[in-house]
There are 2 protein chains.
Amino acid sequence: MQTRESLQQQFETRCRELGLAVTHQRTVIYRELIATGEHPTPEAVYERVKAQIPAISLGTVYKNVKTFLDAGLLKEVSLHHGTLRLDANTEPHHHMVCTRCRRIFDVPEAEFEPVRLKNLPESGFQIDRYSIEVVGVCGACAAARPESSGLGPASAAHTNQVL
Amino acid sequence: MQTRESLQQQFETRCRELGLAVTHQRTVIYRELIATGEHPTPEAVYERVKAQIPAISLGTVYKNVKTFLDAGLLKEVSLHHGTLRLDANTEPHHHMVCTRCRRIFDVPEAEFEPVRLKNLPESGFQIDRYSIEVVGVCGACAAARPESSGLGPASAAHTNQVL
DNA sequence: TGACAGAACGAGAATCATTATCGTTTAATA
DNA sequence: TATTAAACGATAATGATTCTCGTTCTGTCA
Ligand SMILES: [Mn+2]
Ligand SMILES: [Mn+2]
Ligand SMILES: [Zn+2]
Ligand SMILES: [Zn+2]
């Protein structure tokens, strides 16, 4: 079928652009990631891939997931999956999150027009609340390194303090 | 000063309501959580508290943070801080997140009116994008356990699968 | 106030997610 | 087909979090 072939070819082309070898493992990992409409954990990806490459190691999945994230072929759902972040403000409010230092700033609800889904989800999802995240670079981090295209994983060690 | 006393009294009252002993550690942990306007990690809370109770253990901080979360005295910033969740959909879009099973569903951008801050942040924060999270209970989980007031940490083991 | 029971604590082991190391295999390329 | 760097698999190491268990403290009552 045309569709699958072109996906595979797209992937190979993208790898060449990035200087990445097109390995069997890498190919299957990517294919499974695209195939699922879910938002899987690395462990879940590993399970799917292992069914096709029984000898694959979990470390290889982690390595390639990281590679794909760096290449922009994948995104992380949450910027703060590494460690628990606590909020003593129990009133409804929103957040600004810095992609460099991962600091989190409160934004009052009143700063936005109310958000609502245009069509209620047909899946029967019961909505408790809407939470808005303003993603970007905080003033301090922008001052420290004004250039730097865009997002990318928080890197520079000295800007990486938490709290 | 009146303010501090009443906060302390409020805390003690809340503890009694919850059947929790008012220990020195618990009191200082809570006070420090309220004092910081940040969104600290448990480790950061530990550092602040240790300055006042040098013998306190990190485990005690974790235990009490959990207790406070269960009691609703604190909130977690992110529902998926435990493990990396991958998104093969690299187009801008939003998410619905189930607080019970932690599954994540895509929501097209067009489902919302555009979101914008009414006033640009005076802190010099550079905005890259807005991300909306619809928080609630998915159809499957609601069918499995229709009662249950609201949020609360994802608990029931059988609804806790990821993916 | 003094005694008791259960809750909470501190120390450290255990677990889970993730990363690093290293010797072997493989993809790319001439 | 030979060369070489990249990638792999196994496994050790790390960092965050939870658990276990013996000791200490809080709340309650005589
Ligand atoms: Mn907040
Ligand atoms: Mn998505
Ligand atoms: Zn920053
Ligand atoms: Zn669910």
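Note: hydrogens, waters and symmetry copies are ignored here, and every other heavy atom, side chains too, is used. Here is how names work: the chains are called A, B, and so on, in the same order as the sequence lines, proteins then strands, and each is numbered from 1.
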Asker: Once rounded to the nearest 0.5 Å, what's the spacing between atom CZ of B:Arg14 and atom CG of B:Leu73?
Answerer: 5.5 Å

Asker: Kindly compute the distance separating NE2 (A:His24) from CD1 (A:Ile56), expressed to the nearest 0.5 Å.
Answerer: 8.5 Å

Asker: Bend angle of the helix from C:dT1-D:dA30 to C:dA30-D:dT1 from five-pair axes at both ends, rounded to 10°?
Answerer: 30°

Asker: Could you please spell out the steps behind the side chain to side chain contact (heavy atoms under 4.5 Å, CB included) verdict for A:Tyr46 and A:Thr41?
Answerer: CA-CA 9 Å; A:Tyr46 173 61; A:Thr41 65; over 6 Å; no

Asker: Mapping B:Ile29 and A:His24 onto DNA chain C by nearest heavy atom, which one lands closer to the 5' end?
Answerer: B:Ile29

Asker: In whole Å, I'd like the distance from the CZ atom of B:Arg26 to the P atom of D:dT26.
Answerer: 11 Å

Asker: Whole-Å distance between D:dG9 P and A:Lys50 NZ?
Answerer: 12 Å

Asker: Reading DNA chain C from 5' onward, which residue's closest nucleotide shows up sooner: B:Gly82 or B:Leu20?
Answerer: B:Leu20

Asker: With respect to the phosphate group of D:dA16, does any side-chain polar atom (N or O) of B:Thr41 fall under 4.0 Å of OP1 or OP2?
Answerer: no

Asker: Reading DNA chain D from 5' onward, which residue's closest nucleotide shows up sooner: B:Lys66 or B:Thr23?
Answerer: B:Lys66

Asker: Provide, to the nearest angstrom, the distance between the CD atom belonging to B:Glu43 and the C1' atom belonging to D:dG15.
Answerer: 10 Å

Asker: Measuring only between side-chain heavy atoms, which start at C-beta, is A:Met96 closer than 4.5 Å to B:Pro121?
Answerer: yes

Asker: Please give me the minimum heavy-atom distance between A:Thr60 and A:Ile29, naming the atom from each residue.
Answerer: O-CD1, 4.2 Å

Asker: Tell me the closest heavy-atom pair linking A:Ala88 and B:Ile34, and the distance in Å.
Answerer: CB-CD1, 4.0 Å

Asker: For DNA chain D, find the residues of residues 54-63 of chain B with a heavy-atom distance under 4.0 Å and give them by number; none if there aren't any.
Answerer: B:Leu58, B:Tyr62

Asker: A:Glu133 pairs by side-chain hydrogen bond (donor to acceptor under 3.5 Å, both in side chains) with which of A:His94, A:His95, A:His80?
Answerer: A:His80

Asker: Round to a whole Å and report the spacing from CD of B:Glu47 to C1' of D:dA16.
Answerer: 14 Å

Asker: So, the side chain of A:His39 versus the backbone of B:Ile104: is there a donor-acceptor pair under 3.5 Å, distance only?
Answerer: yes

Asker: For A:Leu84 and for A:Asn64, find the nucleotide of DNA chain D with the closest heavy atom, then tell me which residue's nucleotide is more 5'.
Answerer: A:Asn64

Asker: With heavy atoms under 4.0 Å as the rule, sort B:Gln25 into base, sugar-phosphate or nothing.
Answerer: sugar-phosphate

Asker: Applying the salt bridge (charged side-chain N to carboxylate O under 4.0 Å, His left out) criterion to B:Glu32, which one of B:Arg48, B:Lys50, B:Arg26 satisfies it?
Answerer: B:Arg48

Asker: Would you call the rings of A:Phe11 and A:Tyr30 parallel, tilted or perpendicular, where under 30° means parallel and over 60° means perpendicular?
Answerer: parallel

Asker: Contact boundaries of DNA chain C with chain A (under 4.0 Å, heavy atoms), 5' to 3'?
Answerer: C:dA17 to C:dA28

Asker: Which heavy atom of A:Ala142 sits nearest a heavy atom of A:Val137, and at what distance?
Answerer: N-CG1, 3.5 Å

